[in-house]
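Step one of this worksheet: look at the structure below.
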Amino acid sequence: MDESQSRDFIRQVIDEDLKTGKYDGRVHTRFPPEPNGYLHLGSAKAIWVNYGIADEYGGKFNLRFDDTNPIAEEKEFIDSIVEDVKWLGADFEDRLLFSSDYFQQMYDYAIDLIKKGKAYVCDLNAEDMKEYRGDYNTPGKNSPNRERSVEENLDLFERMKKGEFPDGSKTLRAKIDMTHPNMNMRDPPMYRILHATHPHSGDEWCIYPIYDWAHGLEDSIEGITHSLCSIEFENHRPLYDWFLDELDIYHPQQIEFARMNVSYTIMSKRFLKELVTKELVNGWDDPRMPTICGMRRRGYTPEAVKEFCYRAGIAKKANIIAFELLEACVRDDLNKKASRVMGVLDPLKIVIDNFPEGEIDMLDAINNPEDPDAGSRQVPFTREIFIERADFMEEPVKKFFRLAPGREVRLRYAYLLTCNDIIKNDAGDVVELHCSVDLDSRGGNAPDGRKVKATIHWVSATESIDTEIRLYDRLFTVENPMGEKDHDYKEFINPDSFKTLAGCKVEPAVKDLEHGDTVQFERTGYFCVDPDSTDGNIIFNRTVGLRDSWARMQKGK
RNA sequence: AGUCCCGUGGUGUAGCGGUUAUCAUGCUUGCCUUUGGAGCAAGCGACAGCGGUUCAAAUCCGCUCGGGACUACCA
């Protein structure tokens with residue numbers, strides 16, 4: 001640990017606990033997802049808070065499925081969550097754990113509590129229980145069954161477990177205080193009857209523990225020291241503590257921090273699911289989705305996601321982290337790692353009149369200026385090439401210093417090129433340029449040292465590969481889609497968030513790439529090979545564009 | 001309305017009684033450049049308000065204002 005670094009409030013608590021020897025110097029955290037959906041950026045944050053802290057202090061980290069509600073949970077989600085946690089880089093070693101493995105122990109603890117007169121079987125149905133609970137302003141009323149004898153409670157609870165009663169007919173409840181100002185303390189249910197097959201424990205149980213009862217026990221059983229969770233559990237902490245205290249068992253400390261929101265996206269599992277089921281996106285792994293699998297498909301790296309979670313920080317204040325920060329982290333990481341190639345998204349044909357027909361000139365190109373070990377490759381240059389349509393302007397505006405009639409630019413790693421003629425179609429669109437090249441400038445250096453203002457990318461017209469490119473933009477048009485009271489978040493879906501470009505031209509080096517590989521198209525952005533690609537048809541996803549000060553200058557006007 | 005939590009540049013974040021109020025992102029400008037990328041340099045921009053304690057308050061106390069969480073047999 002670097003003591004000179006600023007410490008968030010959780011690390012400060014842990015520092016103090018270490019100093020006082022509260023947990024014998026141990027640090028043990030956990031990530032407790034319910035297997036009822038896919039992990040997303042918010043989950044990544046929770047993982048990096050928990051795993052990051054354990055790792056930093058030389059402690060342990062558990063992946064624990066909080067699988068106490070068989071109605072909502074599926075094997076599919078268990079598998080995807082394990083995959084995503086591993087991909088993110090959180091190492092739970094051999095501790096892939098399931099709450100459902102503790103059901104017997106929890107049951108035994110419940111019997112302890114009944115024997116202590118602190119829990120009772122209640123016959124109220126859901127509707128009546130709600131009625132009896134009162135609300136924020138009015139105190140609740142005691143259940144008619146609150147004073148049942150310990151013997152009767154023990155008997156009833158055992159029969160609940162044996163399956164003698166139908167779903168919803170009885171619950172086991174903690175006996176606390178129906179007038180408590182904290183609603184969570186108004187005799188909260190601990191068990192409900194649910195005759196359902198569980199994805200991990202099968203049909204072994206027909207009573208299932210409820211979160212508040214289960215979670216502290218799980219933490220206690222695993223020897224967790226610091227149970228880090230989000231703010232909405234703050235009001236549950238008194239109950240977390242109450243159960244552990246009444247049982248008089250090992251007592252971890254729950255600490256809450258603010259969940260992370262990110263601008264222009266949403267982080268709710270429920271609504272993410274709605275986007276998928278209503279086909280507003282193309283599945284959970286749509287590259288626009290903030291899901292882990294979506295970001296993976298988009299080409300975001302686990303290192304970038306981790307860095308983002310760290311830069312976002314930890315505090316208790318409600319927050320919306322700028323999406324731009326995520327993009328900055330992705331660019332930072334990819335800049336160091338991604339090989340460069342040239343790709344033309346919107347091709348404009350150029351014929352170089354003074355370059356021999358049929359000749360293929362193989363030119364050296366550096367793979368990654370940021371990484372000398374990445375080596376170099378050869379790029380074929382021919383008489384006919386493509387450049388980016390946006391790199392030519394018939395009537396160049398001020399500060400545009402790329403190609404224009406009579407103007408010279410550098411073709412990256414190739415030759416200095418001058419535009420001589422423009423060919424237009426009947427509609428007046430520029431369809432082709434006739435240019436010439438300074439044959440003494442091979443490699444891109446001016447023989448007389450003359451300055452050339454711009455360097456543009458290009459691709460051979462005959463020796464390039466045709467690809468499809470998918471462009472993604474922010475999923476929503478507003479920073480906080482959930483924040484508009486009178487509007488449904490779906491109204492803000494960005495109609496331009498997904499575009500497909502066909503007929504893009506990329507240099508031949510990309511044919512060796514595999515699914516998921518990322519490259520930088522020079523001057524354009526980072527692109528990764530989509531799993532939809534086949535041998536004859538490479539499809540690229542744009543992960544993120546390069547910073548483009550020209551584009552910003554234009555937008556500012 | 002009740003309980004709990006939280007207010008530092010546009011967005012996040014540090015600060016723990018004395019600082020030119022940190023860092024990142026963002027934006028602006030300059031340098032450099034065979035990516036208008038990267039890098040480098042400079043700049044812009046904040047302590048919610050009001051009282052109090054103190055020689056000294058972003059830091060401690062009180063009030064006001066503002067924001068968030070919570071009324072599932074979900075987690």
Side-chain angles (χ1 to χ4, degrees), chain A residues 5-8 12 32-34 36 66-69 71-73 122 124-126 129-130 133-140 167-173 180-186 188-194 207-208 210-212 214-215 229-238 256 258 260 263 269 310-329 331-332 335-336 340 342 365-366 369-370 399-402 410-414 416 443-446 452-457 479 520-525 545-553 556:
Chain A
Q5 255 181 10
S6 69
R7 325 231 64 184
D8 56 75
Q12 289 178 27
E34 184 189 14
N36 67 346
D66 207 358
D67 55 350
T68 57
N69 181 15
I71 307 287
E73 298 154 8
C122 178
L124 255 27
N125 62 32
M129 194 183 289
K130 186 183 169 73
R133 187 161 37 229
D135 61 31
Y136 293 140
N137 307 304
T138 53
D167 287 2
S169 62
K170 288 186 188 332
T171 55
L172 182 72
R173 291 227 254 167
H180 199 110
N182 182 341
M183 302 285 289
N184 297 129
M185 300 297 272
R186 318 245 264 227
M190 297 159 59
Y191 277 94
R192 75 283 213 185
I193 301 172
L194 232 45
I207 56 171
Y208 288 93
I210 284 159
Y211 175 84
D212 285 308
H215 205 84
C229 61
S230 50
I231 287 290
E232 66 259 40
F233 294 105
E234 211 152 26
N235 295 335
H236 294 247
R237 178 158 28 94
E256 311 85 16
M260 179 175 71
S263 60
K269 256 191 227 179
Y310 272 81
R311 288 197 206 174
I314 304 173
K316 301 187 82 159
K317 192 172 62 166
N319 61 72
I320 301 180
I321 313 292
F323 183 72
E324 293 82 349
L325 183 63
L326 212 206
E327 294 187 317
C329 293
R331 288 192 192 102
D332 269 7
N335 178 46
K336 289 177 272 178
R340 267 113 247 233
M342 290 191 284
I366 292 164
E370 303 291 323
K399 291 203 171 175
F400 178 88
F401 40 80
R402 280 113 83 168
R410 175 183 297 107
L411 295 174
R412 175 140 240 228
Y413 297 125
L416 301 184
N445 295 303
V452 179
K453 190 80 172 156
T455 299
I456 64 173
H457 60 276
E479 286 193 8
Q520 183 197 101
F521 288 179
E522 296 221 23
R523 305 206 308 131
T524 304
L546 248 29
R547 289 190 64 196
D548 186 345
S549 46
W550 167 251
R552 273 183 293 149
M553 207 192 301

How far does the P atom of U54(B) sit from the matching atom of C65(B), given to the nearest Å?
28 Å
Nearest-Å distance once atom C1' is located in both C70(B) and G52(B):
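My reading of the C1' atoms in C70(B) and G52(B) gives 34 Å.
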Can you name the one residue among E522(A), R410(A), R402(A) that meets side-chain hydrogen bond (donor to acceptor under 3.5 Å, both in side chains) with T455(A)?
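When E522(A), R410(A), R402(A) are each tested with T455(A), the side-chain hydrogen bond (donor to acceptor under 3.5 Å, both in side chains) holds only for R410(A).
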Considering every strand and a 4.0 Å limit on heavy-atom distances, what is the contact class for [X]: base, sugar-phosphate, or nothing?
X	value
D66(A)	sugar-phosphate
N445(A)	base
R311(A)	sugar-phosphate
A414(A)	nothing
F400(A)	base
L411(A)	nothing
E256(A)	nothing
D167(A)	nothing
S549(A)	sugar-phosphate
S230(A)	nothing
L124(A)	base

Selected nucleotide, minimal atom distance to [X] side chain, candidates [options]:
X	options	result
R192(A)	U25(B), A75(B), C6(B)	A75(B)
P369(A)	U8(B), A14(B), U35(B)	U35(B)
L325(A)	G36(B), C73(B), A24(B)	A24(B)
A126(A)	U35(B), C6(B), C73(B)	C73(B)
R402(A)	G12(B), G36(B), U8(B)	G36(B)
Q12(A)	C16(B), G2(B), G36(B)	C16(B)
E324(A)	U8(B), G2(B), G26(B)	G26(B)
L546(A)	U35(B), A75(B), G2(B)	U35(B)

Are K316(A) and E234(A) within salt-bridge range, i.e. N to O under 4.0 Å?
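Yes, charged N to carboxylate O under 4.0 Å.
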Closest approach of H180(A) to M185(A) (non-hydrogen atoms, all atoms of both residues)
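The answer is CG-CB, 3.4 Å.
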List the atom of N235(A), the atom of N184(A), and the distance in Å for their closest heavy-atom pair.
O-OD1, 3.0 Å
Using a 4.0 Å heavy-atom cut-off to protein, can you give one letter per nucleotide of nucleotides 38-48 of chain B, 5' to 3': B if the base is in contact, S if only the sugar-phosphate is, - if neither?
S----------
When every nucleotide of nucleotides 64-71 of chain B is labelled 5' to 3' by its protein contacts under 4.0 Å (heavy atoms), B for base, S for sugar-phosphate only, - for none, what sequence of letters results?
-----BBB
Hunt down the Watson-Crick or G-U wobble partner of C63(B), both distances under 3.5 Å, from any strand shown, or write none.
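Matched C63(B) with G49(B) under the 3.5 Å cut-off.
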Any donor-acceptor pair, under 3.5 Å, between the side chain of Q520(A) and the base of U35(B), if you only look at N and O atoms?
yes
Distance, nearest 0.5 Å, that separates OG1 of T524(A) from CZ of R340(A):
12.0 Å
Grab the CE-P distance between M260(A) and G12(B) for me, whole Å please.
13 Å
From CZ of F401(A) over to C1' of G37(B), roughly how many Å is that when rounded to an integer?
13 Å
R311(A): partners by salt bridge (charged side-chain N to carboxylate O under 4.0 Å, His left out), with sequence neighbours left out:
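Partners of R311(A) by the salt bridge (charged side-chain N to carboxylate O under 4.0 Å, His left out) criterion, ordered by chain and then number, come out as E307(A), D332(A).
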Crowding at CD1, I366(A) (>12 non-hydrogen neighbours, <6.0 Å):
no
Take L194(A) and R410(A), find for each the nucleotide of RNA chain B with the closest heavy atom, and name the residue whose nucleotide sits nearer the 5' end.
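Whichever sits nearer the 5' end wins; that is R410(A).
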